[in-house]
Number of protein chains: 2
Amino acid sequence: MASPTEENYLKALFNLKDEEGKVSISELSSTLEVSMPTANSMVKNLLKKGLIIYEKYKPIELTEEGKKMAALVIRKHRLTEMYLAEKMGFGWEEVHDIAEQIEHINSPIFFERMDKLLNHPKIDPHGSPIPNAQGIIADLKHKPLNEHKPGDAVKLAALAHSSTEFLDFLNSRNLKLGTEINVISVEPFDGSMVVSYNDRKSEGLSAKVCERLLVEFL
Amino acid sequence: MASPTEENYLKALFNLKDEEGKVSISELSSTLEVSMPTANSMVKNLLKKGLIIYEKYKPIELTEEGKKMAALVIRKHRLTEMYLAEKMGFGWEEVHDIAEQIEHINSPIFFERMDKLLNHPKIDPHGSPIPNAQGIIADLKHKPLNEHKPGDAVKLAALAHSSTEFLDFLNSRNLKLGTEINVISVEPFDGSMVVSYNDRKSEGLSAKVCERLLVEFL
DNA sequence: GTATTTAGTTAGATTGATATAACAAATGTT
DNA sequence: AACATTTGTTATATCAATCTAACTAAATAC
């Protein structure tokens, strides 16, 4: 069994991995808010446990076993988020901090029950895919809104990086998963967009927002 | 804030306290399954934090602040047990182990929400009172079944010490909270009783079982 | 292609929770 | 009262997770 700390490192490694699946010590140390020596010594520990591939001064990579364990922690996190939102009435901006703690509960029956009560959900309240019980995670290949052009009609499917501030912003604009969005225009200078959705005929969205809105065609 | 370990010590002190509210180091060390030196050093730590009254070689007593903190941990535990049973369909024999972990979650809104969704329950699935948000715990003065005499008609209201084995036993006999029990006879030799309830006309219960069944008059 | 900057490592210390071994105080027994 | 037993304490060590300080390797910049 992995300790809560180890689970957090695995999760960070899984979430941070770039195209080749490699992560640096400094990325780890900053996302987990620990010093580099701390991250360095945990990396040695995970190496000893066979959960990562690592050589001095080289980037870190999860082994198959490490990937599976990480996916299962992410599964616990996302199932919990969905449960909190669907069954307990929490807003999508509230669920992360609670799930961050509950994900370390060691009780297979508890998470299985959540999964069953939720009817085996495929995504969490932010649209991120929930890995299955075997640690397999679907690749929902959504595109960010900013890659679309005027005239495109799309549906908000998920969020890239869902901080509380971003979620509060979306709440204030009444943007939810499933909202149908029509691209009206794109400003070439700064990448901002004007869109319409629901009864909002002309809503301006900054490029930063558009990059984080993951959409799919209707 | 108290660490999970500290919360466990407070809970143990609260649950173990005898008539005068005093607990020994050895009781603490055996209930928490740690060595005596470990319990001893944690006692010093709780003393430093003002949560207990303690002098070398004397029994341990909770301060008012310590009692309140302990009651609030017990509140989190029992609310969780009730939530697991009522909202997630777990049996009363399954809830303890999960609640033992969830009780350490630090999220007032999470437990408040449970409380609200459950309509401010007064007892947990084993009939134990749930302390209120101020740490005040009701004294439900139930009497154990073995203090009753033939002819008494009572209702199962709570359990004293609810181990999984005991709960499995009660399940096997179809005994639930609220079950109306009629005392038919008491065996003077060993304190066992013959009772009737539901469609069971003559069920024998050992003294050990009767001591743990807390009942109230109809 | 040296020099500077950034990233990573090693050494050593700290803190909380735990243990064993050895000893001391309190309690119980005749 | 003397002895034995139980209970509690001290000293010391370990382990996981953390840190700072000092150093080294790699990357970047002129």
Side-chain angles (χ1 to χ4, degrees), chain A residues 1-13 16-62 66 69-70 73 100-101 103-106, chain B residues 1-13 16-62 66 69-70 73 100-101 103-106:
Chain A
M1 248 304 78
S3 69
T5 309
E6 290 167 335
E7 289 192 333
N8 285 337
Y9 278 83
L10 290 172
K11 200 162 47 111
L13 286 166
L16 287 173
K17 64 169 189 274
D18 65 19
E19 311 78 48
E20 289 118 50
K22 308 283 182 67
V23 183
S24 69
I25 296 270
S26 65
E27 281 176 287
L28 251 192
S29 98
S30 60
T31 33
L32 294 169
E33 296 183 278
V34 296
S35 67
M36 296 224 318
T38 299
N40 187 273
S41 75
M42 181 52 89
V43 158
K44 285 178 182 167
N45 169 51
L46 295 174
L47 177 64
K48 203 178 58 201
K49 294 196 172 184
L51 300 171
I52 57 173
I53 296 163
Y54 184 63
E55 283 174 279
K56 265 191 196 180
Y57 301 106
K58 295 270 157 56
I60 309 150
E61 203 176 346
L62 286 163
M69 283 189 54
V73 176
E100 204 65 16
Q101 298 184 62
E103 70 188 7
H104 302 299
I105 299 290
N106 178 1
Chain B
M1 248 306 76
S3 68
T5 308
E6 289 167 337
E7 288 192 335
N8 285 336
Y9 278 82
L10 290 171
K11 200 161 46 109
L13 286 166
L16 286 173
K17 63 168 189 275
D18 66 17
E19 311 77 48
E20 288 117 52
K22 309 283 182 66
V23 183
S24 69
I25 297 268
S26 66
E27 281 176 285
L28 253 194
S29 97
S30 59
T31 33
L32 293 171
E33 297 182 277
V34 295
S35 68
M36 296 224 316
T38 298
N40 187 274
S41 76
M42 182 52 89
V43 159
K44 286 178 181 169
N45 169 50
L46 295 174
L47 177 65
K48 204 178 57 201
K49 295 197 170 183
L51 299 172
I52 58 173
I53 297 163
Y54 184 63
E55 283 174 279
K56 265 192 197 181
Y57 301 105
K58 294 271 158 54
I60 309 151
E61 202 176 345
L62 285 164
M69 283 188 53
V73 178
E100 203 64 17
Q101 298 183 63
E103 70 188 5
H104 303 300
I105 299 289
N106 178 1

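Proteins get letters first, then strands, A, B, ... in listed order; numbering begins at 1 in each. These numbers come from a predicted model, not from an experiment.
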S.K.: Taking the side chain as every heavy atom from C-beta outward, state whether A/E103 and A/K11 have any atom pair closer than 4.5 Å.
M.R.: yes
S.K.: Is the phosphate of D/dT7, meaning OP1 or OP2, less than 4.0 Å from a side-chain N or O of B/S24?
M.R.: no
S.K.: How long is the line joining NE2 of A/H104 and P of D/dA16, in whole Å?
M.R.: 18 Å
S.K.: Does B/Y9 reach the side chain of B/V34, with side-chain heavy atoms less than 4.5 Å apart?
M.R.: yes
S.K.: For A/S35 and D/dC19, is the shortest distance between a side-chain N/O and OP1 or OP2 below 4.0 Å?
M.R.: yes
S.K.: Does OP1 or OP2 of C/dG8 have a side-chain N or O of A/S26 closer than 4.0 Å?
M.R.: yes
S.K.: B/N40 CG to C/dA24 P: how many Å, rounded?
M.R.: 16 Å
S.K.: Using whole Å, report how far NZ of B/K44 lies from P of C/dT15.
M.R.: 17 Å
S.K.: Is any side-chain heavy atom of A/H104 closer than 4.5 Å to a side-chain heavy atom of B/H104?
M.R.: no
S.K.: Assess the side chains of B/N45 and B/E6: does a donor N or O sit below 3.5 Å from an acceptor N or O?
M.R.: yes
S.K.: Can you tell me how far C1' of C/dT18 sits from CG of B/N45, to the nearest Å?
M.R.: 13 Å
S.K.: In residues 2-11 of chain B, which ones come under 4.0 Å of DNA chain D, going by heavy atoms?
M.R.: none
S.K.: Does a side-chain N or O of B/Y54 approach OP1 or OP2 of D/dT9 to a distance below 4.0 Å, or not?
M.R.: yes
S.K.: Just verifying a value: how many Å separate A/L28 CG and A/I60 CD1, rounded to the nearest 0.5 Å?
M.R.: 4.5 Å
S.K.: Quick check: closest heavy atoms across B/N40 and B/Y54, and the distance to 0.1 Å?
M.R.: ND2-OH, 4.2 Å
S.K.: Measure NZ/A/K56 against P/C/dT10 and give the value in whole Å, please.
M.R.: 4 Å
S.K.: B/A39 and B/S29: which non-hydrogen atoms are nearest, and at how many Å?
M.R.: CB-CB, 3.8 Å
S.K.: Find the distance A/M42:CE to D/dT18:P and express it as a whole number of Å.
M.R.: 6 Å
S.K.: Using whole Å, report how far CE of B/M36 lies from P of C/dA24.
M.R.: 16 Å
S.K.: Rounded to whole angstrom units, what separation is found between the CD1 atom of A/I25 and the C1' atom of D/dA25?
M.R.: 14 Å
S.K.: If you find the nucleotide of DNA chain D closest to A/Y57 and the one closest to A/E33, which residue's nucleotide is nearer the 5' end?
M.R.: A/E33
S.K.: May I ask you to evaluate whether A/T38 reaches the phosphate of D/dC19, defined as a side-chain N or O under 4.0 Å from OP1 or OP2?
M.R.: yes
